[in-house]
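Throughout, residue positions are numbered sequentially from 1 according to the sequence presented.
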Amino acid sequence: MASIGQTVRPTSGNDALSRARSRAALVPDCLVEAKRIANTVIAGWHGRRKRGIGENFWQFRPYTEGESLSRIDWRRSARDDHTYIRDHEWEAAHTIWLWADLSPSMMYKSTYGHVSKEGRALVLMLALAEILSRSGERIGCPGIMEPISSRNAAERLAAALMHTPLEGGLPQTAMIRGWSDIVLIGDFLDDADSVMGRIGPLARRGLRGHVIEVADPAEELFPYSGRTEFSDPETGSKLIAGRAENLRDDYQRAYLARRENLGQSLRHLGWTFVSHRTDRLASEALVAVHMYLSGMPARVASGGQP
């Protein structure tokens, strides 16, 4: 049977620098794609705005006795017989931490997927940075970039990733303080108990979390038949199946049960879960996560999984 997909072997010390350079070279293209996708998603989530101390203009309003004369807008007041105060906007933005797990298993791409899981994860991460920064939120990446509130947060995150590439596994979060959201993107192929053992402490610290599972279609469909060699990109171990099609039903049940268990466990913590396949539009996952971040109920558009 012809090869359906390719994986990579675990990174050794000798080629770690080469892998880092290859990933850094991927970032600019992912940023361009992320901006294109972000422009197709309506940024309906804005910071919680009210009048107060800030840089952005809020409104003109009539001056009332006792207010500081320094706040009078004399140009606007000169237009008629009233005296006006120029109010500024106070924006209570909170911090959104973004992280993509780029373990070796994320390098996989089958002939059924549009892009590798790694490429899609980077695009989703940068597109979220673009959308959220336009809404005035602070964007950070644990261990990569301190939270910033800037319209060019996506570009700055991309630049940071080129100099300090993301690693595999979940991030170190000791630096995260206060009430924040964290978005974790990866394939989460470990069993649900193992994943929750690492996520549970984050939830108990008060972090509101959102998990995006990125899957290649072949991982879900198991379109293999005949003599097939399977290789674990994390450990390098191999399995040869004489008639792979005989494993399909059991494999799909186990794969979907892992996803369902993970989703239920996350929802029990108050976190959200989105399942996304690389043969679907990236904007579908973005819309779902954007709705969750906005506090609105959403169902996953990709993969049909809740």
- Do Arg134 side-chain atoms and Arg151 backbone N/O form a donor-acceptor pair below 3.5 Å? no
If we only count heavy atoms from C-beta on, is the Leu124 to Val183 side-chain gap below 4.5 Å?
no
The side-chain hydrogen bond (donor to acceptor under 3.5 Å, both in side chains) partners of Gln264 (sequence neighbours excluded) come to Glu260
Residues passing the side-chain contact (heavy atoms from CB on, under 4.5 Å) test with Ala158, sequence neighbours excluded, are Val27, Leu31, Leu126
Residues passing the side-chain contact (heavy atoms from CB on, under 4.5 Å) test with Ser283, sequence neighbours excluded, are Ile37, Thr40, Val41, Leu281
By side-chain hydrogen bond (donor to acceptor under 3.5 Å, both in side chains), Arg253 pairs with (sequence neighbours left out) Asp250
Across all chains, not counting sequence neighbours, the salt bridge (Lys or Arg N to Asp or Glu O under 4.0 Å) partners of Asp73 are Arg86
Glu146 meets the salt bridge (Lys or Arg N to Asp or Glu O under 4.0 Å) criterion, sequence neighbours left out, with none
Residues at least two apart in sequence or cross-chain that pass salt bridge (Lys or Arg N to Asp or Glu O under 4.0 Å) with Arg36, listed by chain then number, are Glu33
>> Is the shortest side-chain heavy-atom distance between Leu102 and Leu122 below 4.5 Å?
In response: yes
Applying salt bridge (Lys or Arg N to Asp or Glu O under 4.0 Å) to Arg76 and not counting sequence neighbours gives Asp80
One should read off an interatomic distance between Lys238 NZ and Ser231 OG, to the nearest 0.5 angstrom, of 3.5 Å
Closest non-hydrogen atoms of Ser149 and Arg138, given as atom of the first, atom of the second and distance, are CB-CG, 3.7 Å
inquiry  = Quick check: do Lys109 and His114 have side-chain heavy atoms less than 4.5 Å from each other?
reply    = no
Nearest heavy-atom contact between Thr278 and Ser116 is CG2-O, 4.3 Å
Exercise for review: Might you confirm whether atom CZ of Arg198 has over 12 heavy atoms from other residues, nucleotides or ligands at distances under 6.0 Å?
Suggested key: yes
*Give the intermediate values and the outcome of side-chain contact (heavy atoms from CB on, under 4.5 Å) for residues Glu219 and Leu189.*
CA-CA 10 Å; Glu219 294 174 330; Leu189 289 176; 4.0 Å; yes
Hits for side-chain hydrogen bond (donor to acceptor under 3.5 Å, both in side chains) against Asp279, two or more places apart or cross-chain, chain-then-number order -> Arg277
Would you indicate whether the side-chain heavy atoms of Leu266 and Met196 approach each other to under 4.5 Å? yes
For residues 191-210, the ring-ring contact (aromatic ring centres under 6.0 Å, His included) pairs (sequence neighbours left out) are none
Any Pro142 side-chain heavy atom under 4.5 Å of Gln172 side chain: no
Side chains of Pro28 and Met162: does their closest heavy-atom pair fall under 4.5 Å?
yes
Next item on the list: Answer yes or no: is there a donor N or O on one side and an acceptor on the other, between the side chain of Lys117 and the main chain of Ser105, under 3.5 Å?
Entry: yes
Cation-pi geometry met for Arg258 and Tyr255 (6.0 Å, 45°): yes
* Contact check, side chains of Ile144 and Leu161, non-hydrogen atoms, under 4.5 Å -> yes
> Does the side chain of Leu293 come within less than 4.5 Å of Leu132's, by heavy atoms?
Replying inline: yes
Applied to residues 228-249, the ring-ring contact (aromatic ring centres under 6.0 Å, His included) test, sequence neighbours excluded, yields Phe222-Phe230, Tyr224-Phe230
side-chain hydrogen bond (donor to acceptor under 3.5 Å, both in side chains) filter on Asn152, not counting sequence neighbours, yields Ser150
